[in-house]
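Below is one structure, written out as structure tokens; the observations come after it.
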Amino acid sequence: MSAGRADTDDGASRAFELLAEPVRRWIWQQGWSELRDVQERAVPAILGGGDVILAARTAAGKTEAAFLPLLSQALPRLDGRRPGFCVVYVSPLKALINDQFRRLEGLLEACGMPLHRWHGDVSADAKRKARERPQGVVLITPESLEATLVRRGGEAARLFGNLDAVVVDELHAFVGTERGRQLQSVLSRIEVAAGRDRIDRIGLSATLGDMALAREALRPGEPDSVRLVESAEGGADLLLQVRGYECPRRPEPPPGGGGTDVAAVGVAAAEPVAAHLFEVLRGRRNLLFAGSRQNVEVYTDHLRAMSEAARLPNEFFAHHGNLARAEREAVEARLREDGRPTTAVATTTLELGIDIGDVESVAQIGPGWSVSSLRQRLGRSGRRRGVPSVLRIYVSEDAFAPTLHPADRLRLDVVQAVAMIGLLLDRWCEPPRVGGLHLSTLVQQTLALIAQTGGLRPDTAWQVLCRHGPFRNVGRDLFVEVLRAVARREAALVEMSPDGLLMLGPAGERLVAGHDFYAVFQVDEEYRVLAEGGKLLGTLPLDSTLATGQTIIFNGRRWRVESIDARARALLVSPTNAALPPRFGGGWAGVHDRVAAAMRDTLIGAGVPAFLDAGARALLEQARHAFREYGLAHDAIVAVGRDCVIFPWVGGPKLDTFALALLARNFQASPVRHAIEVRDCSAPGLRAIVSELARSPPPDGEALARLAAKPMRERYDPYLTEALLARVAAAERLEAHEVPNVARRILGRSA
DNA sequence: GACCTGCTGCGGCCTG
């Protein structure tokens with residue numbers, strides 16, 4: 001079954017021979033006839049010591065691949081061992097810790113070693129017992145590790161001084177994120193506190209797009225020391241289909257406001273899709289990724305009503321982040337243990353490795369957000385040998401009309417789905433965006449380190465966090481600037497003691513004492529959107545790049561952003577007229593450059609993929625027709641009345657940056673899906689400026705960043721200065737150096 | 001035109 005097995009001449013597994021006796025006995029008891037591929041190869045790699053990444057598809061047995069050798073290593077030293085855990089396993093999800101606890105219980109028992117669960121839902125009593133007699137394996141979240149260091153910094157050496165290894169599950173979920181940076185820092189602080197040069201790290205993942213980045217994430221600064229065990233096993237056949245639907249145009253909102261009932265329109269558009277879903281999913285075990293919480297509710301309700309109408313027991317259940325934990329766990333348990341047909345209708349909640357067993361098919365509404373999420377979703381089906389993975393993507397576009405927005409006439413959802421599947425089949429997925437400064441998390445880590453140690457010299461803090469820790473792109477000068485910012489009277493997070501030690505200031509004391517200090521990621525931050533006279537229109541997520549002068553679409557109408565109060569988190573807007581028809585939404589996270597390029601190739605090409613149904617084929621044909629009609633192969637600028645739309649076919653950050661560069665030249669430019677809208681300008685005038693941008697040196701990224709709102713997007717950003725926030729934004733979210741190249745791309749098609 | 005993740009210590013009350 002397993003390709004690439006490292007068998008010895010007599011057929012016995014070499015890896016098996018390397019394992020300790022109790023571990024081998026446990027394997028026999030499981031009735032396993034052989035080790036899986038990733039296990040066979042992980043055993044010698046891990047027993048050899050050092051850092052290792054285990055990359056293998058979901059359900060390939062990665063957890064055992066890490067623990068069989070780690071426990072074998074720990075067993076002989078069990079007698080007379082000093083206190084301290086042998087292995088710390090870190091997971092991004094509490095639910096995953098609970099799954100792994102169930103899975104590892106028997107193995108640990110067979111080895112006569114304790115297994116501890118440690119997260120916010122575990123009783124304080126169980127955690128106290130684990131702390132008092134630290135032995136065996138502990139399954140923990142990054143936040144609980146942080147809390148242990150902050151509250152009991154003095155015990156770190158006793159708890160973690162004898163660790164053989166740290167296992168990081170779902171490594172990809174941490175790469176490039178604030179939370180990942182925190183975990184890197186916590187692991188490095190543990191090494192320092194334990195007086196250990198390094199403690200081996202084992203990273204587990206199914207979806208790593210770029211192994212060089214994954215290595216750097218596991219051991220910052222020393223990626224070459226991380227060995228890679230990539231499993232050859234897996235790769236079920238894939239049956240896939242993109243289904244296209246044309247839906248009646250959304251009604252225009254009545255003049256004078258009031259808005260449209262978006263949910264009702266959504267329900268109407270969902271009907272033909274729901275009918276097909278009901279037909280193919282009923283009676284089986286499936287996952288349906290609906291894209292948004294509202295869509296999850298709409299589709300679950302539809303499918304449930306259809307079951308009732310057909311006098312069948314309901315088998316469709318919702319699963320998203322706003323549902324109570326017990327409701328979600330009931331759906332997971334039904335998928336995992338219950339033989340009855342079940343479809344979970346979910347957001348991204350079921351993408352990570354929570355154990356729900358194998359499903360027969362995966363369906364998705366819309367093209368989704370990324371190729372890596374597509375790959376993650378696909379890994380949920382086709383796990384049994386000889387059974388293919390089944391994926392259906394449903395895409396709805398507005399019914400054709402000559403007045404449609406150019407972006408709608410280009411049928412971008414269908415085109416994006418086709419482009420993404422092409423990249424998926426090429427085995428590509430988005431690398432994480434790394435290289436961020438993560439100053440928000442640096443603020444939190446500085447406070448945590450002060451609390452853990454009781455105070456330290458600024459240079460020691462820099463050595464621990466930056467020079468030898470994960471904030472390697474923060475030099476001494478920048479660290480001093482951050483310290484000055486958080487020591488300001490209005491921040492008061494830190495202060496200097498008379499003997500030159502960094503101490504917590506009054507506000508810092510309060511923050512560290514708070515229950516919500518341990519998590520570094522931002523939650524539920526939104527702008528209030530205010531019209532003239534202070535009338536509240538609603539709220540808008542903070543993660544859309546907005547600048548004064550740009551146009552947003554809200555409550556079915558277009559608005560000009562008049563002013564932005566980042567600290568009060570408020571947008572002041574006024575109604576604006578537009579030649580372009582209104583479309584809902586405004587925020588657009590953007591795709592990767594390579595997806596945008598693949599979309600352009602799809603529009604230029606003539607081939608029709610076999611996985612398109614008749615509806616999707618028709619939509620692709622319309623899209624290619626519109627692409628030719630606009631002359632987009634030669635000219636990236638389309639004039640619409642008094643406005644223009646630019647299609648540069650670049651990813652989100654370049655699109656945002658280029659819109660800001662135009663805004664800096666007094667154009668009213670706003671990024672929209674895959675395009676930039678520019679109000680009140682002529683195509684020749686716009687072309688002249690783009691050509692100037694192509695000839696000029698790149699604009700200053702920090703100056704562009706200052707034009708955009710939302711500098712306060714991360715948790716500790718409010719304590720930083722405007723200058724530091726612009727530096728973070730320029731480094732993490734903009735690509736100013738690419739502006740001349742993007743301009744040339746636009747003009748290249750004008751030539 | 002998204003979505004998701006996480007959390008201590010202590011005082012006071014109740015039950016066996």
Side-chain angles (χ1 to χ4, degrees), chain A residues 90-97 118-128 131 140-153 169-170 172-174 177-180 182-183 186 250 262 266 289-296 319-323 325 328 345-354 364-370 372-373 376-377 395-397 405 407-408 412-413 416-417 441 444 448 451 511-524 526 540-545 552-554 583-591 652 655 671-675 715:
Chain A
V90 187
S91 153
L93 300 177
K94 291 187 286 190
L96 197 51
I97 286 177
W118 191 317
H119 58 63
D121 298 344
V122 172
S123 74
D125 190 48
K127 287 183 257 193
R128 184 180 48 76
R131 216 165 42 225
I140 195 166
T141 60
E143 287 75 16
S144 284
L145 264 185
E146 178 74 88
T148 306
L149 288 185
V150 168
R151 299 281 170 215
R152 306 183 178 270
D169 205 353
E170 306 281 5
H172 64 277
F174 290 112
T177 66
E178 298 289 333
R179 202 178 180 204
Q182 176 191 30
L183 177 59
V186 163
R250 298 183 190 96
V262 181
F289 291 100
S292 69
R293 283 172 291 204
Q294 179 180 294
N295 260 354
V296 165
H319 193 285
H320 61 68
N322 283 25
L323 291 174
R325 184 180 308 281
R328 285 159 64 169
V345 186
T347 54
T348 56
T349 41
L350 288 178
E351 258 179 43
L352 280 187
I354 298 172
Q364 176 175 300
I365 309 294
W369 318 110
S370 64
S372 75
S373 128
Q376 195 81 22
R377 292 171 178 190
V395 189
S396 299
E397 302 276 6
H405 188 289
D408 289 328
L412 293 174
D413 279 357
Q416 190 179 327
T441 296
Q444 189 261 7
L511 270 184
V512 172
H515 152 260
D516 55 357
F517 174 68
Y518 314 104
V520 292
F521 51 86
Q522 182 72 279
V523 285
D524 294 328
E526 294 185 314
L540 203 65
L542 199 55
D543 55 354
S544 40
T545 303
I552 60 166
I553 304 147
F554 195 74
R583 294 156 65 242
F584 293 106
W588 160 238
V591 295
L655 215 55
V672 294
R673 310 170 50 199
H674 301 293
R715 186 85 186 278

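All values derive from a computational prediction rather than experimental measurement. Here is the naming used below: chain letters follow the sequence lines, and residue numbers restart at 1 for every chain.
- In this structure a side-chain-to-backbone donor-acceptor pair under 3.5 Å is missing from A:Asp413 to A:Val395.
- No donor-acceptor pair closer than 3.5 Å links the side chain of A:Glu146 to the backbone N or O of A:Leu149.
- Here B:dC4 presents its P atom at 10 Å from NE2 of A:His319, a figure rounded to the nearest Å.
- Here A:Ser373 does not reach the OP1 or OP2 of B:dC3: none of its side-chain N or O atoms lies under 4.0 Å away.
- For A:Tyr518, the side-chain atoms get nearest to B:dT8 when compared with the rest of B:dT5, B:dT8, B:dA2.
- Nearest approach of A:Val512 to A:Tyr518, heavy atoms of both residues: O-OH, 4.4 Å.
- The side chain of A:Arg715 approaches B:dG6 more closely than any other nucleotide in the set B:dT5, B:dC4, B:dG6.
- Distances shown here put a side-chain N or O of A:Lys127 below 4.0 Å from the OP1 or OP2 atom of B:dT8.
- The separation between A:Asp408 atom CG and B:dG1 atom C1' is 12 Å, rounded to whole Å.
- Side-chain atoms of A:Phe289 and A:Ser373, non-hydrogen and from C-beta on, never get closer than 4.5 Å to each other.
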Subject >> Stepwise side-chain contact (heavy atoms from CB on, under 4.5 Å) check, A:Arg715 with A:Asp516 >> reply: CA-CA 11 Å; A:Arg715 186 85 186 278; A:Asp516 55 357; 3.6 Å; yes

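- Residues A:Lys94 and A:Gly120 approach most closely at CD-N, 4.2 Å, considering heavy atoms.
- Considering all non-hydrogen atoms of both residues, A:Ala519 and A:Glu143 come closest at CA-CG, 3.8 Å.
- Residues meeting the side-chain hydrogen bond (donor to acceptor under 3.5 Å, both in side chains) test with A:Glu178, sequence neighbours left out: A:His438, A:Thr441.
- Rounded to an integer number of Å, the gap from A:His172 NE2 to B:dC4 P is 16 Å.
- The interatomic distance linking A:Phe289 (CZ) with B:dC3 (C1') rounds to 11 Å, in whole Å.
- Residue A:Ser292 places its side chain closer to B:dA2 than to any other of B:dG1, B:dG6, B:dA2.
- Of the candidates B:dT8, B:dG1, B:dT5, B:dG1 carries the atom nearest the A:Trp369 side chain, counting heavy atoms from C-beta on.
- One can place NZ of A:Lys94 at 15 Å from P of B:dC4, the figure rounded to the nearest angstrom.
- The residue among A:Gly368 and A:Trp118 whose nearest nucleotide of DNA chain B lies closer to the 5′ end is A:Gly368.
- The separation between A:Gln364 atom CD and B:dA2 atom P is 16 Å, rounded to whole Å.
- For A:Thr347, a side-chain nitrogen or oxygen approaches OP1 or OP2 of B:dC4 to under 4.0 Å.
- Between A:Gln444 and A:Phe517, some side-chain heavy-atom pair lies under the 4.5 Å cut-off.
- Side-chain atoms of A:Arg179 come within 3.5 Å of backbone N or O of A:Pro92 as a donor-acceptor pair.
- Rounding to whole angstrom units, CG of residue A:Leu145 and C1' of B:dG6 are separated by 12 Å.
- As a whole-Å value, the separation of A:Glu170 CD from B:dG6 P is 12 Å.
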Original post:
Where each pair must be Watson-Crick or G-U wobble with both distances under 3.5 Å, what dot-bracket representation of DNA chain B is obtained, with crossing pairs in [ ] and other-strand partners as |?
Top reply: ................

Output a table of nitrogen or oxygen pairs between the protein and nucleotides 9-15 of chain B separated by less than 3.5 Å.
from, atom 1, to, atom 2, distance (Å)
B:dG9, OP1, A:Arg152, NE, 3.4
B:dG9, OP1, A:Arg152, NH2, 3.4

